[in-house]
Structures are given as C-alpha cells and as structure tokens.
Novice: 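One structure, pasted below without further comment.
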Amino acid sequence: MRDIIMTAVIRFFVLFLCDCHFSATLAQCPTLPSGHCYVDCTQPVYKIICEDVNGNALHSDIMVYQDSPQSLELTIWNSPAVSRLGSTILSTVANQITSLYLDNLRNLVLFPELNDLSKMKDLKIMNSPRLMDMPAELLPHGIETIHLYATNITELINDFDEVPRIPTVHTFSFSHGTLRHIQPHFFHIFPNLQTLRISHTRFLLDTIDDKTIYPEAKLYSLQFTDNDFSAVPENVSTRMLYRLFADTNIGDGGEVDVSNNGLLITTDTVTAMQRLRRIRSLNLRGNRFRDFSFLTTGFRGFNRLEFLDLTGTDLLNVKGVFAGLPKLRTLLLADNNFHDLSLIDIFADSQSEKLRVLDLSGNHLRALPTAGGNEAFSEFLEEFNLSHNQLNLDQIQDYENSSATFNDYQNLKFLDISYNNLRKFAGERLTRLRKLEKLILACNNFTRITKASFDLLPVTLKFLNLSFCATKEAESPRFTNDALSTLPVQLETLVFTQGFLKNSVFERFKLAKKLRLKHLDLSWNSISHIPHKSDILFPLINIQSLRLKANLFQSIAPKEFEYFPALRELDLSSNMIISIGPSDLDGLYNLEVLDLSENSIIQVEKGAFKYLGKLKSLYFRKNAFTNIGTMFSGILYPQLQQLSLDGMPLNCVDADIAGLFPHLMWIYLNRSQPLYMAYGSFRKMKEHVRTVPPQPVPFDPPTAADLGCDEDMPYQTIMKNYHRITVPDGSNKVGQQMILNFPSCHVDAERNLKTLIQNVIC
C-alpha cells in the first residue's frame, strides 16, 4: 500500500515538472540498476545522487560509467548502510570522480579511501557523527577543497613522517564540531592553503602549543568565527587568539575574521596583530580588549585596510585611535563605550578620506563628533548609522549653522537615527544633505507629526522609515491633516508601521497630490478597510508594493484595491479575513505576489483569482481552508512559481490541478511542523535545491519565528543547518525525483520523512 501511495505522489509531481525532452535525456542517462541512485546528464559534469544505498548497490550503479570518459560528481545522502567507502567501491570510476559529497551518513565510521581518485578536487563530509579520524594519507593528491561539517573528528593530527604534502589544497573548512587538539604544524601538509575556516566549533583544549596553525602558505582568508570557548581556561583561550595572529601567515590584501569568539584581546595579541598590517579586511567583532594602551598609537601602519569591524569590543574614547588608515572604507564601531565624541576626537589626525560607511550605533552618544578630525572623513561619508543612541537634537535651534548637526556630512546617502528618544523632528535639520536617499527615523518618541516634520527634507530622498513602535494606542503620534503634504515628491518607499494609525491614515495622503510612492508599508496599524475615494487615494496610484500585515481586516470588499492598478505585491498576512469573494481582487491585473498567510480563511469562492494572470507567488500558509480545488477553479496560472499551502488542514491536494501551474518550482505542504519542500526534476536540480526560502515582500527578511524555529537562533544558522531527502520516481523512466529541504529545527527526532506527505495527496 505504501509503495502505491508513493508512486502516486511521484506521478503527481511529475505532472508539475516534466517537459518534452525525455527522449534526449533517456539517450544520455542510462538507468542505474539499484533504483537508489539517479543521475543528471544535462551538465558537463554528470551529477549522481544516491539515497538509502549500500556499498554493493553503489558499486553496481557507478559501474555503469566504467568505460565512459565522463566526469562525475557523486553525492551519497541519508544512507545508514554505508559505514565505510573502500577503494574497491569507487575503483571503477577512480579517474572520473571530480567531487564527492557525503551527507547524513550516520554510520560512517572510517574516513573514505580516496587516495586513488586522481581527478578529485572537492570533498565535503557533513552530518556524520561517528566519523572520528581524518588520515591525510587517504586524501587524493590533487584535491583542492576539504569541508568537514558536523562530524566527530576532534583532533587535527597526522604522522608527518609518512604523509606527503598535498600542494593542491587551497581551502580547508571545519565547522559545527568539537576540537580537543590541533597538532603543531598540522597545516604544514597544505603548503599552498589560501582559505582556512574554523567556525561554530566547541573547543576543549587544555593547552595551546606554539605553531598551532602556522600555514606555510600565505593565507588570503582566515575565518575563525562563532566558536565556543566556554569550557576552556581563560589563559588558554586568550593564548589561542594570540597564536592565531602570531603564527598565521596572511598575504598582502588578505582577510582576517575572528569575530564572535568571546575572547580577550591582550597587549600581546595586539602586538602580534601588527603582522597583519597589509591585510584588506579585519573583523574583531564580539571579542573584548583587555588593555587599551595600544589605542594611543591606533591602527597606524594598516595602510591597506579597507574594512574594520570592532563592534562589541568594549572600546573607549581615545584621541586619534583611528589616525592613519588611508584606504579605510567601512568602520563598524557599534555597541562600544563612545559616550561623548564631541569632547574626545577618536578621528583626530585621520587620513580616512575614503571612509564611506560608519556605524556608531548603540554607544549612548548624546552628540556627534565635532572636533578637528571629523572633517577628514565627514564630507566623504555615505552611510552613517547612529541608531540606539541618545542624540540630543531637540535643543538645537540654528540647524543651518550649528556644528552639532549633520551639515558637514553632505555626501550622505544613508542615515539611521532610529531609537534615539527623539520627541520631535524637523526636516530642515537635514536640508543640507543634498544626496540623502534613505532615512530611518523608526522607534523614537514622536508625539506629533506636522508638515514641518518633512518640510525641507532633501529632494533626493527615496526611502523613509518612520515606524512608531507603539505598543498601545496612547503612545501613537498625532498627525495634522497636512502632515504628508511636504513629503519629498521623489520619495519611493514609505514605512509607517506600529502606530495605531487606523483607516484615517489614507486621508492624510489627500493633500500630497504630487507624491508618487511605489512602496507603502502600513503594517500593525489597526486598519480595517481602505476608503473608496479616488481623491484620497490618487497620490497612491503608482503604488507597486502595499503591505498591510497584522491589521484588522475581517474581509475584503469587492474591488477594494481597484485604485491601485500598478500593484505588484500585496501583503494581507496576519489579519482576520474569513473568505475571499469572486470580485474582491478585481483590478489587480499586474499582481505578482499575494500573501494571505495566517488569516482565518475558510472559503475562496470560485473565480476569486481569475484575473491574477501574472501571479508568480501565492502564500496561503496557516489558514483554515480544507480543499483547494475551488480556489483555482480550473484557470491556468502560467506564471505561478511558488505556492505555499503549509500549516493548513488540507484534506487532499487534487492531482487534477497540477496542469494549472506549468512553471511551478516550489510548493510548500505539510501536516504538522513547517516542512519546506522544493519539488524539482533531477535535470533541473541546480535551480531547485536551495536552502534560503523566497521572501514574499522586500521590507525585511524572514525571522527565526517566521520559520517556526527558536527565536534566539540566528537566521543564517537555521538555513545552513538543514536536511534534505529525495524521493525517486518509482518508474525510473526519466530520472525524475522530488527534493525536500527543511531546517533541522523543524524535526524533533529521526523519522521517516516520506510518511509526512502521504496524507495530503489524494
């Protein structure tokens, strides 16, 4: 019974994805005998992926290419029967394999014997918790990249008397594991190493030897980030950072990133850091300086440095700390202790005429830097982040001549002064910033918005974020009727969120007749409907993106959006909409993205989407709809590429609707926890296997909570730590398969993932 169900599943998705070139594919791709390996023959390097395979089946499958000159990329995934990969298994194609990826081989206990694979360049071993050793003598001598992710290799050691050097290796990566020991001169075996990456690793070291890293080559990129030293004595962890700088040879123009390790930067470490003077990029974020004596000489001598990140390093005001640095373009100083830069000039004697990006957010600043060094970079600066400070701008009267304003920053294109407890704002404060394009004023304490708030803002302004972050209606600002009449006419994006502005917010646009907005975000504003008055909505006639997330819409009135003919993206998620009528969406002929997620929709009447012929993405997750058959009403949707139906109590997904979506690439279906599925043919796998989900609207990226994961988990961690399962086409006639990607945090325990989808297919 289960096989019948799975065959039905595959046939359903074959309808989605198959094209008319099967005969050509069959001619190039022979059927692999085990039924557990599939091949993509449309690329110069054929890609073979095997799932739930054993050694004998793998050997028989790849033997198909024994007499072929074809280069191969081999992936072995989710195969508990594979505990070792001896040279015998791969010997028949030893001169053809260029890449080997081993993923989720839970019982792999021995490092694969690869030394006879003469053309192999790339090796990745991921999610193999029983693999404990990496004997270098088993590596092929032409290998170029080595990636070890979530293995149980805890020591980087080798017998260097017997192991020859491997001069072709240029990248070595170790992440999401535990390290107890790194043998001195271990990396001596890779004399031409260019990139060394050790990240998200727990260290359990008792001591640090000299020459712990010491690559003989001149590295271009050293990435030692997001590691855990909580179980290491402080003197050992401190010495680890020192040895990184003292032992590692970084070439001219290289990049050093040792961020977010929670380590102390001592005087010795700072001295060792002088060896890095010719690098291009230095990131010390999330470590802490113990001794500030080095700051008296600053970073003098770093003549090639273009990027410097000192966020969260406990820096204090020291005059001239950033003197020199003639090529510096980006300087990130967030979350430090620069309390008053008007008294102590950290930029004194600065030569940073190339500085374009400066981040001083989270420093409790009350005033801007005004001393002499400021002029060295202020006129060139393009991006300035001052959020989460305590800027006191309310008492300044003469904005035109005051040195305490932004008048010296006349090349600014981006300015963020959000979270500064500002109670009022006048556009004339920024009138001399004649190149300003993006302004963020979010989450201040504005109580009244008048036309003076926007009057004399630079005419170049294209993006304005005035989110109010009000948690109750009493905190919301009051708008005068003419408040928006002075908005710059070139403004394209306006963000007015969390302000309890209600329906009357649309009336404020009545006097802004010259405004030609393209993007408007009115989320979290207690809006229940849009007024049907052309004179009010005329300034919004060019809107292409409208976000009304988390408001109070209980329904959509017929033709409610007809005054937005240019609309391409509409977000009505997290409202209380119960049903969609046949004429509710009339007029949205250009709509490409529609987000109706997290409402209470129990009915979509026949023909509701009939005019949405250009729709590319439809997000319908977490509604109460049980049958999607009537939703699409037999109408062809030739542009639809993404369809979200996850988190819904669907009875079934009728296979008859498959033909309505000839270009569908992603469909999201699940019965319980969010399970993001990408369905694609093996021949198009490069386009379909992705770890980052599409973003329905351009205003902000998805959060951990949006993905159903722990809110404290970094978004990038979620999407990098993912699982994949492939379900083959039982007929094996066209090499077709279904590919599912989902974050690890969505599955609590090991289970047969194939059963999760059986009950949603008719």
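A quick note: this is a predicted structure, and the numbers were derived from the prediction, not measured. Values below: every heavy atom of this structure, side chains too, minus hydrogens, waters and symmetry copies.
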Novice: Between the side chains of Lys502 and Glu507, is the shortest nitrogen-to-carboxylate-oxygen separation below 4.0 Å, so that they form an ion pair?
Specialist: no
Novice: Taking only residues two or more places apart in sequence or in another chain, which ones pass side chain to side chain contact (heavy atoms under 4.5 Å, CB included) with Lys435?
Specialist: Asn411
Novice: Determine whether the side chains of Asn503 and Ser528 contain a donor N or O and an acceptor N or O closer than 3.5 Å.
Specialist: yes
Novice: Under the ring-ring contact (aromatic ring centres under 6.0 Å, His included) rule, collect the residues that match up with Tyr589, sequence neighbours excluded.
Specialist: Tyr611
Novice: Centroid separation under 6.0 Å, is that true for the rings of His532 and Tyr563?
Specialist: yes
Novice: Is the side chain of Asn465 donor-acceptor paired with the backbone N or O of Ala442 at a distance under 3.5 Å, no angle test?
Specialist: no
Novice: Hey, are the side chains of Leu365 and Leu391 touching, using non-hydrogen atoms and a 4.5 Å cut-off?
Specialist: yes
Novice: Does a side-chain heavy-atom distance below 4.5 Å link Tyr409 with Leu415?
Specialist: no
Novice: Could you check whether any side-chain heavy atom of Trp524 comes within less than 4.5 Å of a side-chain heavy atom of Leu548, counting everything from C-beta outward?
Specialist: no
Novice: Has the side chain of Glu560 got a donor or acceptor atom that lies under 3.5 Å from a matching backbone atom of Ile530?
Specialist: yes
Novice: Heavy atoms only: give me the nearest Pro488-Leu457 pair and the separation to one decimal.
Specialist: CG-CB, 3.9 Å
Novice: Measure the CZ-CG distance between Phe496 and Leu522 for me, rounded to the nearest 0.5 Å.
Specialist: 8.0 Å
Novice: Would you compute the distance between atom CD1 of Ile417 and atom NE2 of His388 and round it to the nearest 0.5 angstrom?
Specialist: 13.5 Å
Novice: Are more than 12 heavy atoms from other residues, nucleotides or ligands located less than 6.0 Å from atom CD of Gln390?
Specialist: yes
Novice: Indicate yes or no for a side-chain donor-acceptor contact from Asn385 to the backbone of Asp359 under 3.5 Å, with no hydrogens or angles considered.
Specialist: no
Novice: Would you say Arg516 has more than 12 foreign heavy atoms packed within less than 6.0 Å of its CZ?
Specialist: yes
Novice: Treating Thr486 as the side-chain partner and Lys451 as the backbone partner, does any N or O pair qualify as donor plus acceptor under 3.5 Å?
Specialist: yes
Novice: Which heavy atom of Pro477 sits nearest a heavy atom of Gly499, and at what distance?
Specialist: CD-O, 4.1 Å
Novice: If only atom types and distance count, is the side chain of Asp586 paired as donor or acceptor with the main-chain N or O of Lys559 below 3.5 Å?
Specialist: no
Novice: Quick one: does any side-chain atom of Asp595 pair with a main-chain N or O of Asp571 as donor and acceptor, under 3.5 Å?
Specialist: no
Novice: Under the 3.5 angstrom rule, does the side chain of Asn260 hit a backbone N or O of Asp226 as a donor-acceptor pair?
Specialist: no
Novice: To the closest 0.5 Å, what do you measure between NZ (Lys424) and OG1 (Thr447)?
Specialist: 9.5 Å
Novice: Minimum heavy-atom separation for Leu484 to Ala512, with atom names?
Specialist: O-CB, 3.4 Å
Novice: Is the backbone N or O of Ile601 less than 3.5 Å from a side-chain atom of Asn623, with the two atoms forming a donor-acceptor pair by type?
Specialist: yes
Novice: Decide salt bridge (Lys or Arg N to Asp or Glu O under 4.0 Å) for Glu598 and Arg621; before the verdict, give the C-alpha distance in whole Å, the side-chain angles of both, and the deciding distance to 0.1 Å.
Specialist: CA-CA 6 Å; Glu598 299 189 48; Arg621 65 188 301 264; 3.2 Å; yes
Novice: Does a side-chain heavy-atom distance below 4.5 Å link Asn444 with Phe425?
Specialist: no
Novice: Shortest non-hydrogen contact from Arg508 to Asn481?
Specialist: NH1-OD1, 3.6 Å
Novice: Under a 4.5 Å cut-off applied to non-hydrogen side-chain atoms, are Leu517 and Phe509 in contact?
Specialist: yes
Novice: Any chance you could measure His519, atom NE2, to Asp521, atom CG, to the nearest 0.5 Å?
Specialist: 11.5 Å
Novice: Using 0.5 Å steps for rounding, measure from the CG atom of Leu461 to the CZ atom of Phe454.
Specialist: 10.0 Å
Novice: So does Tyr419 have more than 12 non-hydrogen atoms from other groups sitting under 6.0 Å from OH?
Specialist: no
Novice: Tell me yes or no: between the side chains of Ser573 and Ser597, is some donor less than 3.5 Å from an acceptor?
Specialist: no
Novice: Hey, does the side chain of Thr450 reach the backbone of Ala452 with a donor-acceptor pair shorter than 3.5 angstrom?
Specialist: yes
Novice: Who are the salt bridge (Lys or Arg N to Asp or Glu O under 4.0 Å) partners of Lys513, not counting sequence neighbours?
Specialist: none
Novice: Do Val593 and Lys616 have side chains that get closer than 4.5 Å, going by heavy atoms?
Specialist: no
Novice: Mark yes or no for whether Asp416, through its side chain, and Ser418, through its backbone, hold a donor-acceptor pair below 3.5 Å.
Specialist: yes
Novice: Do Arg478 and Ser476 have a side chain donor and acceptor closer than 3.5 Å?
Specialist: yes
Novice: Should Val505 and Ile527 count as side-chain neighbours, where that means a heavy-atom distance under 4.5 Å?
Specialist: yes
Novice: Answer yes or no for Lys438 and Phe414: cation-pi contact, defined as NZ/CZ to six-membered ring centre under 6.0 Å and angle to ring axis within 45°.
Specialist: no
Novice: Between Phe446 and Phe468, is the ring centroid distance below 6.0 Å?
Specialist: no
Novice: If you define the side chain from C-beta out and look only at heavy atoms, does anything of Ile556 sit under 4.5 Å from Leu572?
Specialist: yes
Novice: I'd like to know whether Phe561 forms a side chain to side chain contact (heavy atoms under 4.5 Å, CB included) with Leu591, so could you lay out the CA-CA distance, the side-chain angles of the two residues, the decisive distance to 0.1 Å, and finally the verdict.
Specialist: CA-CA 11 Å; Phe561 298 97; Leu591 198 66; over 6 Å; no
Novice: Can you name the closest pair of heavy atoms from Leu441 and Leu464 and give their distance?
Specialist: CD1-CD1, 4.1 Å
Novice: Is a side-chain donor-acceptor pair under 3.5 Å present for Asn389 with His364?
Specialist: no
Novice: Step by step, would you call Ser555 with Phe553 a side chain to side chain contact (heavy atoms under 4.5 Å, CB included)?
Specialist: CA-CA 6 Å; Ser555 62; Phe553 283 85; over 6 Å; no
Novice: May I have the step-by-step check of side chain to side chain contact (heavy atoms under 4.5 Å, CB included) for Phe538 and Asp535, ending in yes or no?
Specialist: CA-CA 5 Å; Phe538 177 77; Asp535 58 332; 6.0 Å; no
Novice: Testing the basics here: between Ile541 and Pro565, what is the closest heavy-atom pair and its distance to 0.1 Å?
Specialist: O-CD, 3.8 Å
Novice: Go through it in stages, so that I can follow the logic: the residues are Leu358 and Glu383, the test is side chain to side chain contact (heavy atoms under 4.5 Å, CB included), and I'd like the CA-CA distance, side-chain angles, deciding distance and then a yes or no.
Specialist: CA-CA 6 Å; Leu358 177 60; Glu383 299 184 20; over 6 Å; no
Novice: Looking only at the side chains, is there a donor atom on one of Asn421 and Asn445 sitting less than 3.5 Å from an acceptor on the other?
Specialist: yes
Novice: Nearest 0.5 angstrom please: Leu439 CG to Phe463 CZ, how far?
Specialist: 9.5 Å
